[in-house]
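Notes to accompany the following structure.
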Amino acid sequence: MAFDGIVIAGLVHELNQTILNTKISKIAQPENDELLLTCKGSSGQFRVSISANASLPFLYLTDTNKTSPLQAPTFCMVLRKHIANGRIISITQPHMERIIHLKIEHLNEMGDICHKTLVIELMGKHSNIIFCDEDGTMIDSIKHVSSAVSSLREVLPGRPYFIPATQEDKFNAMTMDATQICDAIKAKPMSICKAIYTTFTGVSPLVASELAYRAGMDADQSLLACTDDEIHHLANHIAWFFDEIRHNEFHPVIVRKDKRPIEFSAIELTMYQDYEMEHMESISQMLEVFYAERNIYNRIHQKSADLRKIVTTALERNQKKYQLQQKQQKDAEKREKYKLYGELINVYGYNLQDQAKELVCENFYDNNKEIRIPLDPQKTARENFQKYFDKYGKLKRTSEALEVQLAETKAQIDHLESIQNSLNIALSADDLVQIKEELMEYGFIKKHKNGKKQKIKSKPFHYISSDGYDMYVGKNNYQNDELTFKFATGNDWWFHAKKMPGSHVIVKNKGGEMPDRVFEEAGKLAGYYSSGRDSDKLEIDYLQKKNVKKPAGSAPGFVVYYTNYSLTIHPDISGLTLVESSNT
């Protein structure tokens, strides 16, 4: 994810095509660090959403309106006073920096024409929105930065505005040819990727890696290990790339992995050719979609953090308990040795001398091989015999108890891992309701005596196969049980990832024989919604639902089956159509 100078260049081009020469009809500040400008012109109305959020700064055109606070913040009031109904006469990006200047023409109280500049700095944690007078003096900013916070620059009313001198050692590749680019990078003792993004303004590590890839070079390779011809070849690709930027040839794209957005860029990312690519119509659309989806995933991860902690803690405790029980069980396996000692003492102990420290005899269970049995010299043969049989009996009882305990602990681990998988595939707060109920029912979370039961809104995923078959995926253990034992009929097909936590997948049988492609697509769903979704290959079990059984008293989602088919798949569901989810 890189809100770099290249994306800014694309945005500036887009804004010049849309809001240049429009009037600012409305100024709102829906959040402490966010502005929403409504601009009207001959080509229609546009909304510009601007955020100086430290973790997710952005600027894009949007159709979405946001509710403003009843009392407008001071910065919003200052902007309304000066530039309400002002006209945007210039939109620029200085030196490929992550900065946009909106120059605005307006009339002052005397009716004279004045100019102000709205400076939008999209620089990660240093992001800000600064309002400046015609001479570059700061009038106000959405974030005030004193000298106690930053020694590089104060951002306060009355101070002169300037760009922090943090990138003076960088070049603007937009003004350079291939030879100059080559001279700028060839002496750098670092990787190709780092040499590019530390040399040129506005280039992120993502774009640098893409440029290396386009040149057919390893981004992590040391530049010192490259020949002069290779460096010239790389410089040519960098020059060609910036020539495209000069001609406003942008190709906004979102890169997805497992449906989730992982990267965006204003250029084609050829190095991600094995991932799902979604090409967007505009930079603004790309940013709005990406940030909206990332917010969903970030928000649900935050909301599920407490549940994840509870499950992780309980899982770690049970895994340690299981390891200890396994060790105890291994120790209990010595019981057969004590039983053998007792039996041999009982047979050969009649001729033992008093205070003998060991019995040497033939082991008739092992081809009469000689065996030495340690004895307590203070005990008689009968007492030594009894001592070993007591040890045997104690370890036998321990082993029998441990078998039950091991089965219970393993079932607890399997149950917790299935809940963990449910948390991983949850997409909304509604999906978490049933998971929380399950944790309360099984004692992982304390129940509230007078707590009202939340309404269940979450529904299983509903996919349509390429051949028109309905396929349903449970999001949690309760939904898995519901799908398998209440929704599915006997001839419907049931799918599940082999020997790992995962969702139950039901394919509704239309009658007759299902195409092979339906089995493969349902298998992909079962693999994708399992704990093995990141694997290249997964084995999937499938059978008709009538052969799936639920043991009495077992945890939700737990089933058994004895006859099944298997197939091997790659858990990629990019070609499948989702028609219903918990958010519908």
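Note that these values count all heavy atoms, side chains included, but never hydrogens, waters or copies made by symmetry. For reference, positions follow the sequence shown, starting with 1.
Closest of all the heavy-atom pairs between M500 and S531 is CB-OG, 3.7 Å. Across all non-hydrogen atoms, the minimal contact from I464 to G468 is CG2-CA, 3.9 Å. Residues R80 and A72 come closest through the heavy atom pair NH1-CB, 3.7 Å. When all heavy atoms of P571 and G527 are compared, the closest pair comes out as CB-C, 3.7 Å. The two residues I27 and C76 make their nearest non-hydrogen contact at O-SG, 3.6 Å. Minimum interatomic distance between I142 and D33 (heavy atoms only, all atoms of both residues): CD1-C, 3.6 Å.
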Checklist entry - Step by step, would you call K524 with D572 a salt bridge (Lys or Arg N to Asp or Glu O under 4.0 Å)? => result CA-CA 6 Å; K524 287 182 177 182; D572 174 21; 5.7 Å; no

Item to check | CA sep, side-chain torsions, deciding dist, call: V518, W493, side-chain contact (heavy atoms from CB on, under 4.5 Å) | outcome: CA-CA 10 Å; V518 181; W493 286 90; over 6 Å; no

Next on the checklist: Before you tell me yes or no, could you show the steps for L11 and L59 under side-chain contact (heavy atoms from CB on, under 4.5 Å), namely the whole-Å CA-CA distance, both residues' side-chain angles and the distance that decides it to 0.1 Å?
Outcome noted: CA-CA 8 Å; L11 264 177; L59 182 151; 4.2 Å; yes

Item to check | Candidate pair F131 and V78, rule side-chain contact (heavy atoms from CB on, under 4.5 Å), full reasoning | outcome: CA-CA 9 Å; F131 186 47; V78 170; 4.1 Å; yes

Checklist entry - Are W494 and Y542 close enough, and set up right, to give a ring-ring contact (aromatic ring centres under 6.0 Å, His included), and what steps lead you there? => result CA-CA 5 Å; W494 183 91; Y542 67 99; over 10 Å; no

Checklist entry - Run the side chain to side chain donor-acceptor pair (under 3.5 Å) check on Y472 and E482 step by step: do they pass? => result CA-CA 11 Å; Y472 298 88; E482 183 82 18; over 6 Å; no

Next on the checklist: Using salt bridge (Lys or Arg N to Asp or Glu O under 4.0 Å), reason through E293 and R256 one step at a time and then give a plain yes or no.
Outcome noted: CA-CA 11 Å; E293 291 189 25; R256 298 180 185 277; 2.5 Å; yes

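The closest side-chain donor-acceptor pair between Q273 and Y213 falls under 3.5 angstrom. Donor-acceptor pairing under 3.5 Å is lacking for the side chains of E154 and H144. A donor-acceptor pair shorter than 3.5 Å can be found between the side chains of N477 and S418. Side-chain atoms of H462 and D470 form a donor-acceptor pair, as typed in the model, at a separation below 3.5 Å.
A perpendicular orientation is assigned to the rings of H415 and Y442, their planes being inclined by more than 60° (bins at 30° and 60°).
Other residues, nucleotides and ligands contribute more than 12 heavy atoms inside 6.0 Å of the NZ atom of K508. By the 6.0 Å contact criterion, NZ on K143 is enclosed, its count of non-hydrogen atoms from other residues, nucleotides or ligands being greater than 12. Atom CE of M440 has more than 12 neighbouring heavy atoms from other residues, nucleotides or ligands inside a 6.0 Å radius.
Looking at P94 and H101, their side chains come closer than 4.5 Å, going by heavy atoms from C-beta outward. M277 has its side chain within reach of Y272: a pair of non-hydrogen atoms, C-beta onward, lies under 4.5 Å apart. With a 4.5 Å cut-off on side-chain heavy atoms, F58 and E34 count as touching. I139 is not listed as a side-chain neighbour of C132, based on a closest heavy-atom distance of 4.5 Å or more. L122 places a side-chain heavy atom less than 4.5 Å from the side chain of I120. For the pair F487 and D492, the minimum side-chain heavy-atom distance is 4.5 Å or more. A heavy-atom distance below 4.5 Å is not found between the side chains of L206 and D4. At a threshold of 4.5 Å between non-hydrogen side-chain atoms, the residues V505 and H496 do not count as touching.
For H504 (side chain) and G557 (main-chain N/O), a donor-acceptor pair under 3.5 Å exists by modelled atom type. Checking side-chain atoms of N476 against main-chain N and O of I435 turns up no donor-acceptor pair under 3.5 Å. With hydrogens and angles disregarded, a donor-acceptor distance shorter than 3.5 Å links the side chain of Q285 to the backbone of E281. Judged purely by atom type and a 3.5 angstrom limit, N128 has no side-chain atom pairing as donor or acceptor with the backbone of I130. Side-chain atoms of S284 come within 3.5 Å of backbone atoms of L61 as a donor-acceptor pair (strictly under, hydrogens ignored). The backbone N or O of N32 sits less than 3.5 Å from a side-chain atom of Q29, completing a donor-acceptor pair. Under the 3.5 Å distance criterion, the side-chain polar atoms of S150 are matched with a main-chain donor or acceptor of L152. Judged purely by atom type and a 3.5 angstrom limit, Q93 uses its side chain to pair as donor or acceptor with the backbone of E97. Between the side chain of K103 and the backbone N or O of I88, no donor-acceptor pair lies under 3.5 Å.
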Distance-only donor-acceptor pairs under 3.5 Å for side chains of residues 37-52, two or more places apart:
residue, atom, partner, partner atom, Å
R47, NH1, D63, O, 3.1
S51, OG, N53, N, 3.1

Do any side-chain atoms of residues 306-313 form donor-acceptor pairs under 3.5 angstrom with protein atoms, and if so which ones, sequence neighbours left out?
residue, atom, partner, partner atom, Å
R308, NE, S304, OG, 3.0
R308, NH1, N424, OD1, 2.9
R308, NH2, L423, O, 3.1
T312, OG1, R308, O, 2.7
T313, OG1, K309, O, 2.8

Identify every side-chain donor-acceptor pair in residues 239-255 under 3.5 Å, counting partners at least two apart or on other chains, and give the distances.
residue, atom, partner, partner atom, Å
R246, NH1, M174, O, 2.4
H247, ND1, D243, O, 2.8
N248, ND2, H13, ND1, 3.3

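One finds the NE2 atom of H570 at 11.0 Å from the OH atom of Y528 (value rounded to the nearest 0.5 Å). For the atom pair CD of Q420 and CD1 of I425, the computed distance is 12.5 Å after rounding to the nearest 0.5 Å. Here CD1 of I89 is found 8.5 Å from CG of N21. Values are rounded to the nearest 0.5 Å. Here the CD1 atom belonging to I419 is positioned 11.5 Å from the CG atom belonging to D414, to the nearest 0.5 angstrom. The CD1 atom of I163 sits 6.5 Å away from the CE atom of M123 when rounded to the nearest 0.5 Å. With rounding to the nearest 0.5 Å, the separation of NE2 in H106 from NZ in K23 is 13.0 Å.
Applying the side-chain hydrogen bond (donor to acceptor under 3.5 Å, both in side chains) test to Q479 and every residue at least two apart in sequence or in another chain returns Q434, S458. With sequence neighbours excluded, the residues forming a side-chain hydrogen bond (donor to acceptor under 3.5 Å, both in side chains) with Y529 are Y463, listed by chain and number.
Taking the ring centre of F200 as origin, the terminal cationic atom of K170 falls outside the region bounded by 6.0 Å and 45° from the ring axis.
Within the structure, salt bridge (Lys or Arg N to Asp or Glu O under 4.0 Å) contacts touching residues 199-211 (residues at least two apart or in different chains) are E210-R214.
Look at R153 and E121 and you find a salt bridge, because one of the NZ, NE, NH1 or NH2 atoms lies within 4.0 Å of a carboxylate O, short of that distance.
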